[in-house]
Student: 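Take a look at this one; I'll ask things after.
All values below come from the heavy atoms of this structure, side chains included, with hydrogens, waters and symmetry mates left out. Letters go in sequence order (proteins before strands), and every chain restarts at 1. Source: prediction; values computed, not measured.
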There are 2 protein chains.
Amino acid sequence: MAVIKDVAKLAGVSVGTVSKYLNTPELLREDKREAVEDAIQKLNYRPNLFARNLRVQDSKTIAVIAQEIRNPFHAALFNTIRKEAMKYNYSVVLYSINDVNGNIDTLFESLPLHYFSGLVLCYFHDMEQSIAFAKRHDKVPMVIMSNSDRYFNEYDSAKIIHADFTLGIEKVCEYLISRGNKNIAYIGCKTKDTAHEPKLKGFLMTMEKYGLKPHSITRLEKEYTMETGYESAGQILKCGTLPDAILSDTDIMAVGALNCLRDHNIKVPDDLMLASCDNIEFARYCCPRLTTVNVPIEAMSIKAVELLVAQMEDKPHLSTGTSFELELIIRESTK
Amino acid sequence: MAVIKDVAKLAGVSVGTVSKYLNTPELLREDKREAVEDAIQKLNYRPNLFARNLRVQDSKTIAVIAQEIRNPFHAALFNTIRKEAMKYNYSVVLYSINDVNGNIDTLFESLPLHYFSGLVLCYFHDMEQSIAFAKRHDKVPMVIMSNSDRYFNEYDSAKIIHADFTLGIEKVCEYLISRGNKNIAYIGCKTKDTAHEPKLKGFLMTMEKYGLKPHSITRLEKEYTMETGYESAGQILKCGTLPDAILSDTDIMAVGALNCLRDHNIKVPDDLMLASCDNIEFARYCCPRLTTVNVPIEAMSIKAVELLVAQMEDKPHLSTGTSFELELIIRESTK
DNA sequence: TTGTACGCGTTATCAC
DNA sequence: GTGATAACGCGTACAA
C-alpha cells in the first residue's frame with residue numbers, strides 16, 4: 001500500500017506538496033500538479049483514512065438514529081438520508097432504538113459520540129428524550145426530525161425538521177367525519193409523552209371541534225407492527241358496538257387491523273371505514289387500498305442532510321429547518 | 001477531552017501501563033490496575049478511536065452490500081447482520097447496489113475497501129459479479145450470501161453462506177402441481193446470469209419433471225418492487241389465455257401481481273392460484289395471504305457474521321459456511 | 001509556491 | 001510488571 005511519502009518521492013516533490021494537492025490542488029503550480037497526479041495514478045495511491053481522521057479529528061461519518069429499519073416508513077427515511085449523505089461524501093451508520101429498549105444514551109457505548117461528524121435523530125416515539133439528548137450534546141452537529149410544533153418552535157431552528165402530524169391527522173379525521181362517520185375509533189401505540197402525542201392530539205381536537213366522542217382509543221405498549229395493528233383491532237371488536245370508522249396513526253398498524261377485520265368478516269369500507277397516516281408503499285397495494293396521509297419523506301430527508309452538513313462544515317446559519325405539510329390521499333378504504 | 005497521557009499522569013503510571021490496562025488488564029498488578037481505573041473514572045476518559053484505528057490499521061467497521069434496503073426482505077437481512085455485528089463490537093455501514101447501477105466496484109470510491117474490517121455481500125441479483133469481486137479481493141475478510149450451489153460448492157467454504165433457492169422453488173412448484181395446476185406462469189426479474197438463475201432453474205426443472213410446459217415466463221428488466229409485480233401480471237393477462245397459477249420468485253412481486261389481478265376482477269385462489277418465495281411479513285398480511293417459501297434470514301445472518309468475525313480475528317477455519325433449507329408455507333392464495 | 005519538521009493519541013517493542 | 005520510545009500516515013505551521 002503506497003503512502004504519501006512514496007507519491008512524493010515518485011513525483012519528485014515533498015509530502016507537503018502532495019498533501020496540498022489532495023486538499024487544495026488549485027494552490028499548486030501546474031507542472032507539480034501533473035507530476036503528483038501521475039504518481040498517484042501509477043502507485044494507485046489512496047490516502048489513509050485512519051491517519052487523516054486522527055489528524056483532523058473527524059470521521060466523515062454520520063450516525064442515524066432510527067426506530068426500526070424493518071418498518072417501511074423508517075426504511076425509506078433512512079435510505080434517503082444515507083443516499084444524500086453519500087453525495088456529500090459522508091458515510092452513514094444506523095442505530096436502532098429498538099436495540100436498546102428506547103434509551104438513546106446507551107446507544108453510544110461502543111462508539112463514543114464524538115466519533116461521529118454528525119447525527120440525525122429520527123426517533124418520533126419519544127421526542128421529549130430526543131430533544132433532551134440534543135440539548136445535552138449541543139456541541140455535536142445534529143438534526144432532529146420532529147413531529148410536533150412544540151419542539152419545532154422551541155428548539156434551535158437550524159437543527160430541526162418538522163412535519164405537522166397533528167394537522168395531517170386533522171385532515172384525515174375531518175375527511176372521515178365528512179363521509180358521515182361519527183363514531184370513530186383510534187388506534188396507535190403508546191408513546192412516552194402521551195399528553196403531547198401530536199397525532200392523538202389531532203384526533204381529539206378534531207372530534208371535539210365537531211362535538212363527537214371517540215368510540216375508543218387503543219394504544220398498546222408495543223412496537224409499531226402489523227401484528228400490533230391486528231391486536232388493536234381485535235380490542236375494538238371486543239367492545240361490542242362496532243365503530244363507524246377506525247383511524248390508525250400509522251399505515252403499518254392499519255394493514256394489521258385490516259387483516260383482523262377480514263378474519264371477523266367485517267368489510268372495509270362497507271361495514272366500517274379505515275384510514276391512517278404515512279403513505280407507505282404497501283398502503284397502495286393492500287386490499288382495500290388505504291386512505292392515508294402522505295409524508296414527504298424524501299424532501300424531509302434531503303433537508304435534514306442539508307442542515308446537518310451546514311453544521312458540520314461550520315456554516316450553521318446558511319440554512320434553517322422547515323415545516324413540511326402532509327397531504328390527504330383518498331383511496332378505497334373510505335370509498 | 002482527556003487523553004491517555006492525562007490518565008497516566010493522574011494514576012502515577014506510564015502511558016504504556018494505561019494502554020495495557022485497556023487491552024490486557026489481567027497482565028497488570030492489582031494496585032496499578034485500580035489506580036488506572038480510578039483515573040479513567042475521574043477524567044471520564046474514552047480512548048480516541050482515530051488514534052487507535054491508525055495504530056492498528058483497523059476500523060472495526062463492516063460494510064454490508066445489499067440490493068435495496070426498502071425491500072423488506074433485504075431490510076430484514078441487513079438488520080440482523082447489523083445487530084449481530086454489534087454484539088461483536090463492530091459497526092456496520094450499508095451500501096446499496098441500486099445506488100450504483102449494479103456495479104460493486106464503484107461502491108468504494110469515497111471509502112477505500114481496506115478501510116473496512118470486513119464485508120458481507122448480499123447481492124443475489126448478480127452472483128457472478130459478487131464471486132468475481134470476492135476472488136479479486138481474497139485478502140479482505142468477506143462473506144458472500146449465495147443463492148446457488150454452483151458457487152457454494154466452488155468457492156471457499158469458510159466464506160460462503162448458501163440457501164438453496166432452487167430447491168425452495170421446486171417445493172412450491174411441486175405443490176402447485178399437486179393442487180392440480182398444469183398451466184403455470186412464472187414471474188421474476190431479469191438477472192445478469194439467466195442461464196444459472198437458481199429460482200428459474202427450479203421452476204423449469206420441476207415443470208419438466210412433470211412433463212408440463214410453462215404458460216409463460218415474464219422477467220422484466222426492472223427492480224424487485226410491487227409495481228414491477230403489478231406490471232408483470234399485466235403482461236400475463238395480455239396473453240389471452242389465463243394460466244392456472246402464477247409462481248412469483250419473490251413475495252414483493254406477488255403482492256403487486258395480486259393487485260393487478262384484483263383490478264381485473266380475477267379472484268385468487270378461485271380463478272387462479274398464486275405462490276411465491278421469501279416469506280416476508282406482508283405475505284401474511286395481504287389478501288389473500290400468500291403461499292410462499294420461508295427463508296431463514298435470521299439464522300443465515302447470524303452464521304454470516306460468525307464466519308466474518310472468524311476471518312477478521314484470524315481464525316478463519318474455526319467455522320465453515322452452511323447451506324440453509326427453505327420451507328414451504330401454505331396459505332390462502334393456493335387454498 | 002514549496003520543503004521541513006512536528007504533532008495528533010494510540011499500541012508495540014524493547015530494556016529494565 | 002513497568003516505563004521510555006518509536007512507529008502508524010497525514011496535515012500544517014513556519015521557514016525558505
Student: To the nearest Å, give me how far apart CG (A:Leu49) and P (D:dC8) are.
Tutor: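 Answer to the nearest Å: 18 Å.
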Student: If you assign each of B:Val15 and B:Asp31 to its closest nucleotide in DNA chain D, which residue comes earlier from the 5' end?
Tutor: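 That would be B:Asp31.
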Student: I need the CG-P distance between B:Leu22 and C:dA12, as an integer number of Å.
Tutor: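 For the pair B:Leu22 CG and C:dA12 P, the rounded distance is 11 Å.
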Student: Separation of A:Asn23 atom CG from D:dT12 atom P, in whole Å?
Tutor: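 Going from A:Asn23 (CG) to D:dT12 (P), I get 6 Å.
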Student: Does OP1 or OP2 of C:dT10 have a side-chain N or O of B:Tyr21 closer than 4.0 Å?
Tutor: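 No, because none of the side-chain N or O atoms of B:Tyr21 sits under 4.0 Å from OP1 or OP2 of C:dT10.
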Student: Can you tell me how far P of C:dC14 sits from NZ of B:Lys20, to the nearest Å?
Tutor: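 So the NZ-P distance, B:Lys20 to C:dC14, works out to 13 Å.
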Student: Under the salt bridge (charged side-chain N to carboxylate O under 4.0 Å, His left out) rule, what pairs show up with a residue in residues 105-116 of chain A, not counting sequence neighbours?
Tutor: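 Found A:Asp105-A:Arg136.
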Student: Would you say B:Asn53 reaches C:dT10's phosphate, i.e. side-chain N/O to OP1/OP2 under 4.0 Å?
Tutor: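 The answer is no; no side-chain N or O of B:Asn53 sits under 4.0 Å from OP1 or OP2.
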Student: D:dG11 P sits how many Å from A:Lys60 NZ, rounded?
Tutor: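 So the NZ-P distance, A:Lys60 to D:dG11, works out to 12 Å.
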Student: Can a salt bridge be assigned to the pair A:Lys83 and A:Glu298 using a cut-off of 4.0 Å between side-chain N and carboxylate O?
Tutor: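 Looking at A:Lys83 and A:Glu298, the cut-off is not met.
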Student: Give the nucleotide from the list D:dG3, D:dG9, C:dG9 with an atom nearest to the side chain of B:Asn48.
Tutor: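 Looking only at side-chain atoms, B:Asn48 lies closest to C:dG9.
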Student: Return the value, rounded to whole Å, for the distance between atom CD1 of B:Ile4 and atom P of C:dG9.
Tutor: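 Rounded to whole Å, this separation is 11 Å.
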Student: Answer with base, sugar-phosphate or nothing: what part of the nucleic acid does A:Ser19 contact at a heavy-atom distance below 4.0 Å?
Tutor: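 Touches a base.
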Student: Could you please name the option among C:dT2, D:dA4, C:dG9 that lies closest to any side-chain atom of B:Val3?
Tutor: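 It is C:dG9.
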Student: Checking A:Arg52 now: which residues fulfil side chain to side chain contact (heavy atoms under 4.5 Å, CB included) with it, not counting sequence neighbours?
Tutor: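 Result, side chain to side chain contact (heavy atoms under 4.5 Å, CB included) vs A:Arg52: A:Leu49, A:Val56.
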Student: For D:dT2 and B:Arg29 - does any side-chain N or O of the residue sit under 4.0 Å from the phosphate oxygens OP1/OP2?
Tutor: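 For D:dT2, OP1 or OP2 has a side-chain N or O of B:Arg29 closer than 4.0 Å.
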Student: For C:dT10, does the base pair up with any side-chain atom of B:Arg55 as donor and acceptor (N or O, under 3.5 Å, distance only)?
Tutor: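 For B:Arg55, whose side chain was compared with the base of C:dT10, there is no donor-acceptor pair (under 3.5 Å).
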Student: How many angstroms lie between NE2 in B:His196 and CZ in B:Arg150, if you round to the nearest 0.5 Å?
Tutor: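 Reported to 0.5 Å precision, the distance equals 3.5 Å.
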Student: Can you tell me which nucleotide in D:dG11, D:dG3, C:dT10 comes closest to the side chain of B:Val13?
Tutor: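 That would be D:dG3.
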Student: Could you give the CG-to-P distance, from B:Leu54 to C:dG7, as a whole number of Å?
Tutor: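 Interatomic distance, CG of B:Leu54 to P of C:dG7: 16 Å.
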Student: Consider only side-chain N and O atoms of A:Gln57 and B:Asn48, and report whether a donor and an acceptor are under 3.5 Å apart.
Tutor: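 On atom types as modelled, these side chains qualify, holding a pair under 3.5 Å.
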Student: Quick one: on DNA chain D, does B:Ala51 or B:Ser14 contact a more 5' nucleotide (nearest heavy atom)?
Tutor: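 It is B:Ser14, whose closest nucleotide lies nearer the 5' terminus.
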Student: Counting only side-chain N and O atoms of A:Thr17, is one of them less than 4.0 Å from OP1 or OP2 of C:dG3?
Tutor: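 The answer is yes; a side-chain N or O of A:Thr17 sits under 4.0 Å from OP1 or OP2.
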Student: Rounded to whole Å, how long is the line connecting atom NZ of B:Lys5 with atom C1' of C:dG9?
Tutor: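 The answer, rounded to whole Å, is 9 Å.
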